[in-house]
S.K.: 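Below you'll find the structure I mean.
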There are 2 protein chains.
Amino acid sequence: MRIGELARATGVEIETVRYYEKSGLLPEPARQANGYRAYSARHLERLAFIRHCRALDMPLADIARLLDFNDHPQSDCGDVNTLIDAQLARVRARLASMHALEAQLAALRARCREPHATQECGILHELVAAAHGEACACHPAPGRGGAGHADPRVFAADAEAPERPGRCDNQAG
Amino acid sequence: MRIGELARATGVEIETVRYYEKSGLLPEPARQANGYRAYSARHLERLAFIRHCRALDMPLADIARLLDFNDHPQSDCGDVNTLIDAQLARVRARLASMHALEAQLAALRARCREPHATQECGILHELVAAAHGEACACHPAPGRGGAGHADPRVFAADAEAPERPGRCDNQAG
DNA sequence: GGTTGACCCCGTAGTGGCTTCAGGGTTTCC
DNA sequence: GGAAACCCTGAAGCCACTACGGGGTCAACC
Ligand SMILES: [Zn+2]
Ligand SMILES: [Zn+2]
Ligand SMILES: [Zn+2]
Ligand SMILES: [Zn+2]
């Protein structure tokens with residue numbers, strides 16, 4: 001099985017297959033006389049395993065560990081659970097922040113109905129006002145203040161940010 | 001105002017401030033005799049604007065455009081709306097895929113209750129079975145088949161993937 | 001035998017939004 | 001005069017790919 005066939009069989013790009021090999025996730029295959037990679041069914045299975053885990057958005061390092069567990073059937077599966085739990089926690093954190101983000105963006109979007117000069121655009125007005133430390137539609141104070149964030153720092157990543165997006169913690173977290 | 005003060009005032013890391021300058025988002029400030037950057041209130045405002053937009057997870061390129069609109073008050077705000085709408089669409093797509101992902105991971109996690117040898121771990125069994133093309137807890141067929149995905153390719157990014165994570169489209173999309 | 005086209009090889013650089021590092025200089029306080 | 005805190009620059013690292021450049025290989029067809 002050459003790399004193109006493997007790629008087609010799994011729906012993975014050829015470059016990605018080579019990348020996985022270079023990253024140590026996929027073992028180096030045998031080579032034909034002309035230097036072409038020659039894959040076995042085991043490679044196909046392993047690659048499908050990797051893609052399945054990637055579909056669950058697991059990082060490659062975690063996938064490597066899962067593959068390791070698989071290769072050592074005697075080991076304890078507690079670490080597998082820890083790993084899945086961590087991934088689940090990551091996904092839930094991102095889910096929450098995406099949820100907040102959607103509300104914020106929708107509120108901001110509602111500030112402009114029909115096109116006009118940017119000078120009078122409710123969206124830009126909100127953004128500028130927020131930059132001045134005033135309350136904004138997208139980040140209303142959650143009750144404990146009345147006015148919105150009076151400090152630009154509210155948008156900072158304080159302590160533990162809810163993963164990637166949504167560095168704004170003043171009502172999302 | 002030196003870079004450290006600006007950074008503290010906005011809750012941004014110093015390196016990030018310099019990065020924004022290098023990226024053209026923040027104009028080059030004046031310099032003191034010793035070469036230190038000297039920022040004005042306008043820089044502070046602009047940086048707060050940037051961070052607010054970043055809190056809405058907008059890409060820096062979009063933020064640059066928003067700043068441009070702000071600097072040209074005569075221009076039409078239609079493009080602002082387009083930009084926000086695109087961001088909202090991105091967020092909603094990711095929200096949906098995160099949602100699906102959470103269900104998938106939770107289903108997978110439920111396959112292992114108490115620790116044991118990986119050999120008999122329900123989680124690893126599921127992952128291996130899925131790699132063989134069998135049905136898995138995390139990706140049950142959505143009705144139109146009965147059995148799960150019988151083809152490893154289901155995890156491929158076919159056509160338009162729902163943004164970053166969740167390359168698995170067989171029930172999430 | 002020449003050429004087209006589909007394959008394959010390798011190494012490097014680019015993506016986004018930072019963060020970190022290496023290797024310095026400046027200012028301030030004790 | 002020495003330590004701590006601040007500042008400077010440019011380059012590299014992170015993640016998971018993706019794209020590119022410059023080649024080699026192989027079958028088929030004219
Ligand atoms: Zn408008
Ligand atoms: Zn806001
Ligand atoms: Zn288990
Ligand atoms: Zn699955």
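Per chain, numbering begins at 1; letters A, B, ... match sequence-line order.
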S.K.: What's the CZ-C1' distance between R54(A) and dC17(D), to the nearest Å?
M.R.: 9 Å
S.K.: Would you mind classifying the nucleic acid contact of R2(A) as base, sugar-phosphate or nothing, using non-hydrogen atoms under 4.0 angstrom?
M.R.: sugar-phosphate
S.K.: When you check the gap from the basic side-chain N to the acidic O, do R46(B) and D71(B) get nearer than 4.0 Å?
M.R.: yes
S.K.: Could you check L60(B) against I14(A) and say which one's nearest nucleotide on DNA chain C is further toward the 5' end?
M.R.: I14(A)
S.K.: Between R51(A) and dC17(D), does any side-chain N or O lie under 4.0 Å from OP1 or OP2?
M.R.: yes
S.K.: Between E21(B) and R37(B), is there a side-chain N and carboxylate O pair less than 4.0 Å apart?
M.R.: yes
S.K.: Check DNA chain C against residues 20-41 of chain B and give the residues with a non-hydrogen atom under 4.0 Å, in numerical order.
M.R.: Y20(B), N34(B), Y36(B)
S.K.: Using the C1' atoms of five pairs at each end, what's the angle between the two axes of the helix from dG1(C)-dC30(D) to dC30(C)-dG1(D), to 10 degrees?
M.R.: 30°
S.K.: Send over the distance from Q87(A) CD to dC15(D) P, rounded to a whole Å.
M.R.: 14 Å
S.K.: CD1 of I123(B) to CD1 of I84(A): how many Å apart, nearest 0.5 Å?
M.R.: 5.0 Å
S.K.: Can you list the residues that meet the side-chain hydrogen bond (donor to acceptor under 3.5 Å, both in side chains) rule with D85(A), with sequence neighbours excluded?
M.R.: R109(B)
S.K.: To the nearest Å, give me how far apart CD1 (I50(A)) and C1' (dA16(D)) are.
M.R.: 13 Å
S.K.: With sequence neighbours left out, write down each residue that passes salt bridge (Lys or Arg N to Asp or Glu O under 4.0 Å) with E102(A), or none if nothing qualifies.
M.R.: R92(B)
S.K.: Identify, with sequence neighbours excluded, every residue that meets ring pair (Phe, Tyr, Trp, His ring centres under 6.0 Å) alongside Y20(A).
M.R.: none
S.K.: Any side-chain N or O of T16(B) less than 4.0 Å from the OP1 or OP2 oxygen of dG17(C)?
M.R.: no
S.K.: Check this one for me: any side-chain N or O of R18(A) less than 4.0 Å away from OP1 or OP2 of dC10(C)?
M.R.: no
S.K.: Under the side-chain hydrogen bond (donor to acceptor under 3.5 Å, both in side chains) rule, collect the residues that match up with N70(A), sequence neighbours excluded.
M.R.: none
S.K.: Is the shortest side-chain N to carboxylate O distance from R90(B) to D57(B) below 4.0 Å?
M.R.: no
S.K.: Could you state the CD1-C1' distance from I3(B) to dT26(C), rounded to the nearest angstrom?
M.R.: 15 Å
S.K.: Among side-chain atoms of H72(A) and S75(A), is any donor-acceptor pair under 3.5 angstrom?
M.R.: no
